[in-house]
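Structure first, commentary second.
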Amino acid sequence: MAEHVQQHAAVGHPSADNEYLETPPGSTYEHTDAHVGPMIKFALWLVISAVIVHVGLAGMYWLLVRESTERVDTQRYPLAVNGPARLPAEPRLQQFPRNELYGFRMKEEADLHSYGWVDKNAGTVHIPIEDAMRLTLERGVLTSRPADASKPEQVDVFPSDSSSGRVMEKRRQ
C-alpha cells in the first residue's frame, strides 16, 4: 500500500490526506482527533458524581429505615379511640351472598307452604300455594271467554311466530 501512495505522490497528484500519511516525531496520537485532557476530566467528574449520588442514597435509605423502626413503637393514629371496630356506612356489601340467598329462598319456600299473617291489623293472611290454587279454581275466578257458537272454529289458523301470537295466519299442516 505504501508503494501505491509513493507512486501516487511521485506522479504529481497531490491528495488532501498526504500530510497525514506519517505521524510527526514525538506524537503518540492523531492531533486532529479529540483531546485527551478534557476526556480524562469528564471521566473523573463522572466518577466523583456517581460516588456522591451513591453516598446520598445510602444516607436517605439509612434515615428511612431508622424512621420506620421508630414508628413501630408508637400508635399509628394517636387520636383514635381504643374501642370496638366501627362498621362502614350503609349500604354494606354482602359478606356471604350465597348463604344469604339460600336463607332468603328457604324463607320464601316456607311462606309458600304455610299459613300466616300478612297484615294482622287489616286481617290479611297468606295460605299455602296449593290451597290458593284449589280455591281459585273452585271460585271460578279464572274463567275463559265463552265460546261464540255463531262462528265456526277455524282449525287451519294459528298464531304467527313473529308476532308472539297477536296475529293469526293460515298454515299448511
| request: Working to the nearest 0.5 Å, report the span between CG of L63 and CD of E67. | output: 8.0 Å
| message | If I take atom CD1 from residue I52 and atom CD1 from residue I48, how far apart are they, to the nearest 0.5 angstrom? | response | 7.0 Å
| query | M133 versus T136: any side-chain heavy-atom pair under 4.5 Å? | reply | no
| Any side-chain heavy-atom pair from D119 and V125 closer than 4.5 angstrom? | no
| query | How would you list, by chain and number, every residue that makes a side chain to side chain donor-acceptor pair (under 3.5 Å) with R92, sequence neighbours excluded? | reply | E90
| Which residues satisfy the side chain to side chain donor-acceptor pair (under 3.5 Å) test with K41, sequence neighbours excluded? | none
| query | Should the heavy atoms of other residues, nucleotides or ligands under 6.0 Å from CE of M60 be counted, would the total exceed 12? | reply | no
| Should the heavy atoms of other residues, nucleotides or ligands under 6.0 Å from CD of Q95 be counted, would the total exceed 12? | no
Output a table of donor-acceptor pairs, distance under 3.5 Å, between side-chain atoms of residues 107-115 and any protein atom two or more places apart or on a different chain; print 'none' if there are none.
unit_1	atom_1	unit_2	atom_2	d
K107	NZ	D111	OD2	3.1
E109	OE2	H113	NE2	2.8
H113	ND1	E130	OE2	3.4
S114	OG	A110	O	2.7
Y115	OH	D131	OD2	2.6

